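Note that the structure is predicted; figures quoted are calculated from it, not measured. Order of the sequence lines fixes the chain letters, A, B, ..., with proteins taken first and strands second; residue numbering starts at 1 for each chain.
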Amino acid sequence: MNNYFSIKDIDSLDHWVNEAIELKKDPLSNKALGTDKTIGLLFFNPSLRTRLSTQKAALNLGMNVVVMNFTGEGWSLEYGDGTVMDQGNSEHVKEAAQVVSQYCDVLAIRAFAKLESKEEDYEENVLKSFIKYASIPVINMESATGHPLQALTDAITITEHKTTHKPKIVLSWAPHPKALPQAVANSFVEMTQRMDADFVITHPEGFELASQITNEVPIEYNQENALKDADFVYVKNWSSYTHYGKTSQDQSWKITEEKMKLTNNAKLMHCLPVRRNVVVDDVVIDSENSIVIEQANNRTYAAQLVLKKILENK
Amino acid sequence: MNNYFSIKDIDSLDHWVNEAIELKKDPLSNKALGTDKTIGLLFFNPSLRTRLSTQKAALNLGMNVVVMNFTGEGWSLEYGDGTVMDQGNSEHVKEAAQVVSQYCDVLAIRAFAKLESKEEDYEENVLKSFIKYASIPVINMESATGHPLQALTDAITITEHKTTHKPKIVLSWAPHPKALPQAVANSFVEMTQRMDADFVITHPEGFELASQITNEVPIEYNQENALKDADFVYVKNWSSYTHYGKTSQDQSWKITEEKMKLTNNAKLMHCLPVRRNVVVDDVVIDSENSIVIEQANNRTYAAQLVLKKILENK
Amino acid sequence: MNNYFSIKDIDSLDHWVNEAIELKKDPLSNKALGTDKTIGLLFFNPSLRTRLSTQKAALNLGMNVVVMNFTGEGWSLEYGDGTVMDQGNSEHVKEAAQVVSQYCDVLAIRAFAKLESKEEDYEENVLKSFIKYASIPVINMESATGHPLQALTDAITITEHKTTHKPKIVLSWAPHPKALPQAVANSFVEMTQRMDADFVITHPEGFELASQITNEVPIEYNQENALKDADFVYVKNWSSYTHYGKTSQDQSWKITEEKMKLTNNAKLMHCLPVRRNVVVDDVVIDSENSIVIEQANNRTYAAQLVLKKILENK
């Protein structure tokens with residue numbers, strides 16, 4: 001593997017998940033692999049879990065870590081081809097990507113959707129430009145439309161917690177005061193299609209994800225119907241793809257104790273950060289069936305596996 | 001020891017000070033202790049000495065260091081129990097603390113007083129919430145009402161410089177253009193009560209520290225009387241506890257060369273940063289009796305001792 | 001060598017360049033030199049190349065790296081002697097420099113020109129104050145009037161790419177929408193005077209660099225005349241020294257394909273970041289003769305050589 005841009009870069013999800021679970025048992029077993037290798041983490045947006053778990057993953061592999069917040073610490077970047085750069089941007093991604101490639105062995109980049117233009121976000125200009133111009137492997141730490149480290153994490157977590165061969169997994173849209181990207185939901189949907197699972201998405205009308213991502217996945221507009229007999233409830237807000245970037249605070253979609261009773265004693269998942277009592281009630285996220293903390297823990301092993309694959313490939 | 005939240009977490013101040021002084025002679029002697037351990041430094045406020053000395057202490061112990069500025073780099077945190085999180089805060093400390101605990105072996109946190117509400121600050125919501133929800137040891141890098149790493153530093157510095165068994169130590173309030181927390185003064189007062197010292201606090205009326213902290217310590221409203229025969233003058237501004245958060249620029253309280261002549265050739269101490277010619281005159285802080293730089297140096301060994309105690313306890 | 005403040009701190013440019021080129025062949029050959037040594041990188045301004053290449057250089061030497069952005073992470077500093085510090089600045093450089101010296105073994109500092117006062121910028125107050133008060137070596141990562149790590153990089157790059165003993169080097173002013181410091185140009189001019197080169201500066205009238213820096217270097221106001229038979233074209237904007245801080249967007253000074261045809265198949269150099277199609281046309285910077293990426297790569301080895309010299313001297 002060269003870059004880890006999307007879940008599609010995984011050749012066999014089953015094998016990867018099993019390898020990550022093995023690696024979790026002895027995280028320092030490959031510490032020699034990264035000696036004298038440097039990963040550069042480039043952030044265009046805030047990050048807690050990704051920032052810390054990716055650093056931890058790299059340290060577990062013996063790598064050096066260099067962190068850079070582009071906003072504030074660096075120069076604002078230009079992505080357009082042929083632009084006359086007489087406005088606000090000081091540096092072109094062509095130079096930035098090539099130059100950084102010379103100081104690091106692996107790059108990892110976070111650049112959220114701006115939610116201003118569907119076309120612009122789905123072009124994935126930032127990540128794709130870095131991949132195009134960088135001469136070293138690039139890892140997606142959440143781009144405009146995908147969060148494949150999170151999705152790999154989710155596959156690990158579901159595998160660890162499932163009690164039947166083919167669990168029922170429900171991705172349930174949640175209300176939110178702020179418009180959020182579709183990235184986590186998109187990658188989760190792509191990942192789930194590669195698992196042996198009975199998968200359904202539920203959301204209000206108008207919150208359909210991009211059809212090129214959902215494909216044949218059943219959509220159920222009645223949340224209670226969807227939740228019936230679920231083994232995993234993955235709750236997550238995303239803003240509308242159709243009415244691009246619009247959000248909704250419709251509290252009837254919040255996950256409550258009542259709704260969880262419809263499920264097959266389902267595990268609750270969320271990528272975090274989560275708005276308590278808006279997305280999900282305290283009593284649910286604080287219950288024994290909530291696995292959100294262990295899910296966050298698996299971020300380290302997802303990142304470490306991706307880094308291991310990249311280092312072994314070099 | 002599990003957490004280092006306040007000076008009260010020290011079982012024997014004498015023993016700790018002596019151990020820190022030993023450690024200072026050979027700072028790399030415990031380098032194996034921290035191998036493959038990671039400390040996460042979480043900053044909600046600016047920091048120079050604490051930021052760098054705590055990193056140095058961790059490096060001396062062979063630890064990995066991960067630094068995170070919550071403001072700007074992370075998500076704004078919610079601390080309220082049961083809050084419907086539909087306002088500005090994106091993540092609850094419940095998740096943040098539990099999650100970060102999985103990526104690190106020790107946490108260190110700086111979160112200043114806001115000086116808006118005495119009750120809120122003295123509840124120590126931020127530090128206490130992290131301690132409550134974290135599953136790893138937490139170190140106070142200055143909280144709303146205490147700065148115990150500074151106080152341990154001060155004990156080390158006084159011990160190194162004292163020439164009599166029971167020195168006279170004066171904590172002298174100073175004027176300041178900006179309202180500052182009581183944290184440094186509080187922890188210094190708590191620490192000094194555990195030393196064999198003749199300790200007095202001097203400040204204008206209205207600047208009394210919390211009585212549950214000062215206890216029986218004598219307060220002298222006449223600064224010149226207080227300074228007489230002092231062996232150590234610790235000058236420091238704090239805003240009013242009574243008229244909570246009010247400051248004063250009363251220049252008659254500045255430490256001058258004249259006033260130092262009243263002392264027993266006293267050493268001058270300050271935690272830094274210091275406003276020259278407002279808090280203390282240039283001629284005093286630049287004199288041979290000023291030990292503020294060596295005091296700052298001892299920050300490394302105070303932090304290193306605390307980390308050593310925590311690592312040995314694990 | 002103690003400090004690396006300006007190109008004048010290099011005893012023999014030839015020897016240094018050759019040593020850097022050797023070091024580039026085997027960057028990890030001196031990894032033991034920096035063991036248990038810590039470099040502190042202090043940034044008062046944005047940085048991409050300097051930030052990452054200096055970290056990489058330190059890591060190649062086995063050093064620990066501590067990065068601090070003064071803006072936001074630390075306290076605003078006062079530089080004036082005898083100032084009554086009752087305004088915005090919280091800490092005097094006297095304390096900051098002495099204190100940081102106790103936590104690190106080497107300091108590296110970036111502090112740009114403010115372009116408000118020629119006298120103030122050319123006094124080099126920030127860097128000179130740190131050098132004055134620090135008790136450890138200080139490296140200039142671009143100060144108000146010089147960028148000697150860049151100039152050493154440029155000497156390495158020219159030496160690697162020159163095909164004649166005494167190449168013709170042209171420093172060509174470029175238009176820019178934003179007023180930029182003279183630092184890069186100044187250090188390049190100082191460096192070039194120490195090389196065996198036929199060196200000429202070309203710029204519009206009113207953009208003369210400080211005469212104490214240019215000395216006897218010929219200035220040619222006709223860009224096309226200057227470019228004739230050039231082996232290296234170093235294009236760079238700087239704001240006016242005479243009309244201090246004024247910039248110009250005069251597009252007739254942009255480097256175009258046409259103009260490059262006047263040269264002796266010249267290599268194109270720029271320190272980056274560069275405004276494409278304002279400073280230089282895409283077709284030129286994307287041509288085979290553009291060596292700006294390799295130039296940026298050499299930043300690592302310039303920084304590593306300077307650090308090596310400092311560590312060997314200790």
Side-chain angles (χ1 to χ4, degrees), chain A residues 24 27-28 31 41 43 45-60 62-65 67-69 71-73 110 175-178 180 237 249 251 254 270-283 285-286 290 292-301 303, chain B residues 34-44 46 55 58-59 62-109 129-130 132-136:
Chain A
K24 186 178 175 177
L28 299 174
K31 220 189 141 180
L41 308 186
F43 290 97
N45 299 98
S47 174
L48 171 64
R49 272 151 291 278
T50 301
R51 185 183 292 273
L52 297 183
S53 65
T54 311
Q55 287 189 62
K56 185 61 180 287
L59 291 169
N60 282 347
M63 299 184 83
N64 301 317
V65 181
V67 180
M68 181 162 173
N69 299 305
T71 325
E73 291 185 356
R110 162 163 286 202
H176 206 277
K178 204 183 136 196
L180 296 186
N237 167 269
Q249 305 206 41
Q251 281 295 298
K254 184 176 64 174
H270 189 286
C271 61
L272 306 183
V274 64
R275 300 270 187 153
R276 284 173 167 258
N277 304 309
V278 174
V279 167
V280 54
D281 273 340
D282 275 344
V283 66
I285 196 167
D286 289 334
S290 166
V292 298
I293 302 300
E294 186 56 28
Q295 189 182 351
N297 187 28
N298 285 332
R299 293 292 309 272
T300 300
Y301 309 105
Chain B
T35 306
D36 295 329
K37 304 280 184 199
T38 300
I39 184 168
L41 308 186
L42 308 186
F43 290 97
F44 292 87
Q55 287 189 62
L59 292 169
M63 300 184 82
N64 301 317
V65 181
V66 170
V67 180
M68 179 161 177
N69 298 306
F70 253 80
T71 326
E73 292 186 355
W75 309 103
S76 57
L77 295 189
E78 173 64 39
Y79 296 90
D81 235 16
T83 310
V84 178
M85 291 173 59
D86 58 3
Q87 300 301 313
N89 294 332
S90 299
E91 175 145 38
H92 200 283
V93 66
K94 274 194 193 182
E95 275 74 54
Q98 289 182 80
V99 165
V100 172
S101 296
Q102 299 178 120
Y103 308 142
C104 301
D105 300 281
V106 184
L107 274 185
I109 300 170
S129 296
F130 269 98
K132 181 174 176 185
Y133 297 114
S135 52
I136 57 173

### Query
Using non-hydrogen atoms only, which part of A:Q295 is less than 4.5 Å away from chain B: side chain, backbone, both, or neither?
neither
### Query
When heavy-atom pairs shorter than 4.5 Å are enumerated against chain B, which of A:E294, A:H176, A:K31, A:R299 gives the highest number?
A:K31
## Note on the structure
Bottom line for A:L52: the part with an atom under 4.5 Å from chain B's heavy atoms is both
### Query
Nearest heavy-atom pair of B:I136 and B:S101: which atoms, and what distance?
CG2-O, 3.6 Å
### Task
Return the minimal non-hydrogen interatomic distance between B:V100 and B:L107, and the atom names on each side.
CG1-CD2, 3.2 Å
#### Entry: Structural part of B:T38 lying under 4.5 Å from a heavy atom of chain A
side chain
### Task
Could you tell me which non-hydrogen atom of B:Q55 sits nearest to which non-hydrogen atom of B:V65, and how far apart they are?
CG-CG1, 3.7 Å
### Query
Measuring heavy-atom distances to chain B, does A:N297 have an atom under 4.5 Å in its side chain, in its backbone, in both, or in neither?
both
### Message
Between A:R276 and chain B, with a heavy-atom cut-off of 4.5 Å, which part of the residue counts as in contact: side chain, backbone, both or neither?
### Response
both
## Note on the structure
Whatever's closer than 4.5 Å to a heavy atom in chain B on A:L48 counts as both
### Task
Against chain B, work out which of A:V279, A:V278, A:D281 has the most heavy-atom pairs shorter than 4.5 Å and name it.
A:V278
### Task
Could you point out which residue of B:Q102, B:E91, B:E95 forms a side chain to side chain donor-acceptor pair (under 3.5 Å) with A:R49?
B:E91
### Task
Examine whether an atom of A:L272 lies under 4.5 Å from a heavy atom of chain B, and if so say whether it belongs to the side chain, the backbone or both; otherwise answer neither.
side chain
### Task
Please round to the nearest 0.5 Å and tell me the distance separating atom CZ of A:R275 and atom OG1 of B:T83.
11.5 Å
### Under 3.5 Å side-chain donor-acceptor pair for A:Q249 and B:D86
no
#### Entry: Interface moiety of B:E78 toward chain A, non-hydrogen atoms closer than 4.5 Å
neither
### Message
Is A:P46 in contact with chain B via its backbone, its side chain, both, or neither, using a 4.5 Å heavy-atom distance?
### Response
both
### Task
Would you sort out whether B:N64 and B:K37 count as a side chain to side chain donor-acceptor pair (under 3.5 Å), showing the intermediate values?
CA-CA 6 Å; B:N64 301 317; B:K37 304 280 184 199; over 6 Å; no
### Task
Please report the shortest heavy-atom distance between A:P273 and B:S90, naming the atom on each side.
CB-O, 3.4 Å
### Task
Measure A:D286 against the heavy atoms of chain B and call it side chain, backbone, both or neither at under 4.5 Å.
side chain
